[in-house]
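Sequence positions, counted from 1, serve as the residue numbers for this chain. Atom set for the values below is all heavy atoms of this structure, side chains included, hydrogens, waters and symmetry mates excluded.
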Amino acid sequence: PEPAVVTATTTANVPPPATTQATNASDPVSSPDGSQAAAVWIDAGDHRIPGILTVPMSGDGSRYPTVLMLHGFGADKNEGGNMFGRLAEYLGVTGVASLRIDFAAAGDSEQPWVENTFDGMVADAVAALNWLSTHESVDADRLGVHGWSVGGRVSATVAGADDRVQALSLWAGAVQDGTDGMESFFEAPTRRTCGSLYDCAVAHGSVRFDPYGTGPFELSLAWFDAMAASRALSVVGDFDGPLLAIHGENDDVVLPAVSTNLIATSGSGDATLHVVAGGDHTFGVYVDPDNTIAEEVLMITARWIAANL
């Protein structure tokens with residue numbers, strides 16, 4: 001069947017949660033919507049993965065459909081504007097549990113930036129799915145993955161390779177192969193004699209840079225090599241479950257054409273593209289105090305996940 005292409009202009013019919021949930025709970029925190037959030041640590045062999053598990057607490061021992069949330073470059077498990085924390089609340093209203101994790105060097109991670117690689121992020125996502133599959137509150141037959149930007153590239157890779165993933169949703173997903181879409185990392189000039197970021201990583205084993213003015217990242221040569229070898233767009237062709245791609249029409253970081261191409265080339269027979277009018281890469285969370293577009297995206301996503309898991 002032809003994929004659905006929708007310009008999102010209306011608000012989905014998911015009621016907003018009553019209050020904002022704690023975003024970094026050391027102990028379980030209950031919300032008036034009936035969900036409960038707790039910090040967790042997941043064993044990944046040579047390191048631990050920090051995360052927050054949010055479960056709709058019905059009190060009847062139910063197992064819930066569950067979504068694994070994967071953040072983008074430079075973000076953490078809560079994402080910009082606490083969008084992942086807010087999505088966890090919206091999902092809780094619909095009876096869906098969620099786990100959001102920190103990749104290496106993000107949030108509460110105990111790993112340094114030089115240990116962050118694409119392959120490592122994929123491995124952490126798989127470890128998180130393994131952990132969810134045995135959790136007493138999780139329905140292991142109803143697992144989904146949700147990713148934003150580079151987290152979308154990771155999500156698509158996992159969904160295409162792991163049959164446990166039953167639904168895939170993406171916000172501005174950077175679902176491309178190799179260095180496509182990553183030119184700003186590989187080709188960005190520096191003031192150093194070694195040349196571009198990639199050239200400096202080749203020369204020195206790693207390179208430090210501060211694109212957001214929030215403190216430097218240190219990318220290893222392994223980060224560049226693993227990203228160049230990544231094949232998210234190719235691998236997601238093996239995913240045949242329901243797929244949702246939401247993209248801001250004004251996104252100049254990951255162009256909307258990336259999601260259009262994803263929908264056209266994915267293996268899903270139930271693929272939907274929402275192009276959000278007026279949306280940028282972060283759906284206005286940093287520029288719109290009312291978060292009008294962000295709220296629209298949250299409700300559309302929660303409704304879709306609840307209907308497809």
Can you confirm whether [X] sits close enough to [Y] that some side-chain heavy atom of one is under 4.5 Å from a side-chain heavy atom of the other?
X    : Y    : value
N261 : L233 : yes
I246 : I300 : yes
T94  : I305 : no
V202 : L221 : yes
I52  : K77  : yes
D240 : D238 : no
L143 : Q166 : no

Under a plain distance cut-off of 3.5 Å, with no hydrogens placed, do [Y] and [X] share a side-chain donor-acceptor pair?
X    : Y    : value
N130 : S133 : no
N78  : R86  : no
D124 : H47  : yes
S149 : H281 : yes
R63  : S137 : no

- Query: Do I49 and W41 pass the side-chain contact (heavy atoms from CB on, under 4.5 Å) test, and can you show the C-alpha distance, the side-chain angles, and the key distance before you say yes or no?
  - Reply: CA-CA 5 Å; I49 305 167; W41 289 92; over 6 Å; no
- Message: According to disulfide (SG to SG under 2.5 Å), does anything in residues 277-309 pair up with another residue at least two apart or in another chain? List the pairs.
- Response: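 Residue pairs passing disulfide (SG to SG under 2.5 Å), neighbours aside: none found.
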- Message: Under the criterion ring-ring contact (aromatic ring centres under 6.0 Å, His included), I'd like the reasoning laid out for H247 against W171: C-alpha separation, chi angles, the key distance, then a yes or no.
- Response: CA-CA 6 Å; H247 220 115; W171 291 344; over 10 Å; no
Between the side chain of [X] and the main-chain N/O of [Y], is any donor-acceptor distance below 3.5 Å?
X    : Y    : result
Q176 : G173 : no
Y64  : P56  : yes
T117 : A222 : no
D288 : T292 : yes
N116 : A104 : yes
D102 : D76  : no
D177 : S234 : yes
R142 : L309 : yes
T179 : M182 : no
T301 : M299 : no

- Item | Atom CD of E183: over 12 foreign heavy atoms under 6.0 Å | yes
- Query: Does D210 CG have over 12 foreign heavy atoms under 6.0 Å away?
  - Reply: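 Counting other residues, nucleotides and ligands, CG of D210 exceeds 12 neighbours.
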- Item | For V254, the rest of its hydrophobic cluster, which grows through side-chain links under 4.5 angstrom | V253, V258
Are [Y] and [X] connected into the same hydrophobic cluster when the rule is that any two of I, L, V, M, F, W, Y join if their side-chain heavy atoms are below 4.5 Å apart?
X    : Y    : value
V114 : V207 : no
W131 : V138 : yes
V165 : V122 : yes
F283 : L255 : no
W304 : Y90  : yes

Which heavy atom in [X] sits nearest to a heavy atom in [Y], and how many Å separate them?
X    : Y    : value
A159 : L168 : CB-CD2, 3.9 Å
A302 : L91  : CA-CD2, 3.9 Å
A161 : V235 : N-CG1, 4.0 Å
G248 : P256 : O-CG, 3.4 Å
A271 : S268 : N-OG, 3.6 Å
S196 : T190 : C-CG2, 4.0 Å

Got a second to check how far [X]'s [atom1] is from [Y]'s [atom2], nearest 0.5 Å?
X    : Y    : atom1 : atom2 : result
L243 : L262 : CG    : CG    : 5.0 Å
T282 : N291 : OG1   : CG    : 9.0 Å
D139 : L132 : CG    : CG    : 11.5 Å
Y212 : F217 : OH    : CZ    : 6.0 Å
N308 : D270 : CG    : CG    : 6.0 Å
L70  : S155 : CG    : OG    : 4.0 Å

- Derivation of the salt bridge (Lys or Arg N to Asp or Glu O under 4.0 Å) call for R192 and D199: CA-CA 10 Å; R192 304 167 186 140; D199 291 336; over 6 Å; no
- Query: R48 and I42: side-chain contact (heavy atoms from CB on, under 4.5 Å), yes or no, with the steps?
  - Reply: CA-CA 5 Å; R48 301 190 301 166; I42 298 168; over 6 Å; no
- Message: Pair L87, H146 - check side-chain contact (heavy atoms from CB on, under 4.5 Å), show working.
- Response: CA-CA 10 Å; L87 180 58; H146 173 76; 3.7 Å; yes
- Decide yes or no on ring-ring contact (aromatic ring centres under 6.0 Å, His included) for F186 and F224, but give the supporting numbers first. CA-CA 7 Å; F186 281 79; F224 290 95; 5.2 Å; yes
- Task: For the residue pair W148 and F84, categorise the inter-ring angle as parallel (less than 30°), tilted (30 to 60°) or perpendicular (more than 60°).
- Result: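 Tilted.
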Under the ring-ring contact (aromatic ring centres under 6.0 Å, His included) test, residues paired with [X] that sit two or more places apart:
X    : answer
Y286 : none
F239 : none
H71  : F103

- Task: Starting from the C-alpha separation in whole Å, work towards a yes-or-no answer on side-chain contact (heavy atoms from CB on, under 4.5 Å) for L129 and L68.
- Result: CA-CA 7 Å; L129 286 176; L68 173 64; 4.0 Å; yes
- Query: Of all residues at least two apart in sequence or in a different chain, which pass the salt bridge (charged side-chain N to carboxylate O under 4.0 Å, His left out) check with E187?
  - Reply: none
- Under the ring-ring contact (aromatic ring centres under 6.0 Å, His included) rule, what do W113 and F73 come out as? Steps first, then yes or no, please. CA-CA 11 Å; W113 254 107; F73 182 87; 5.3 Å; yes
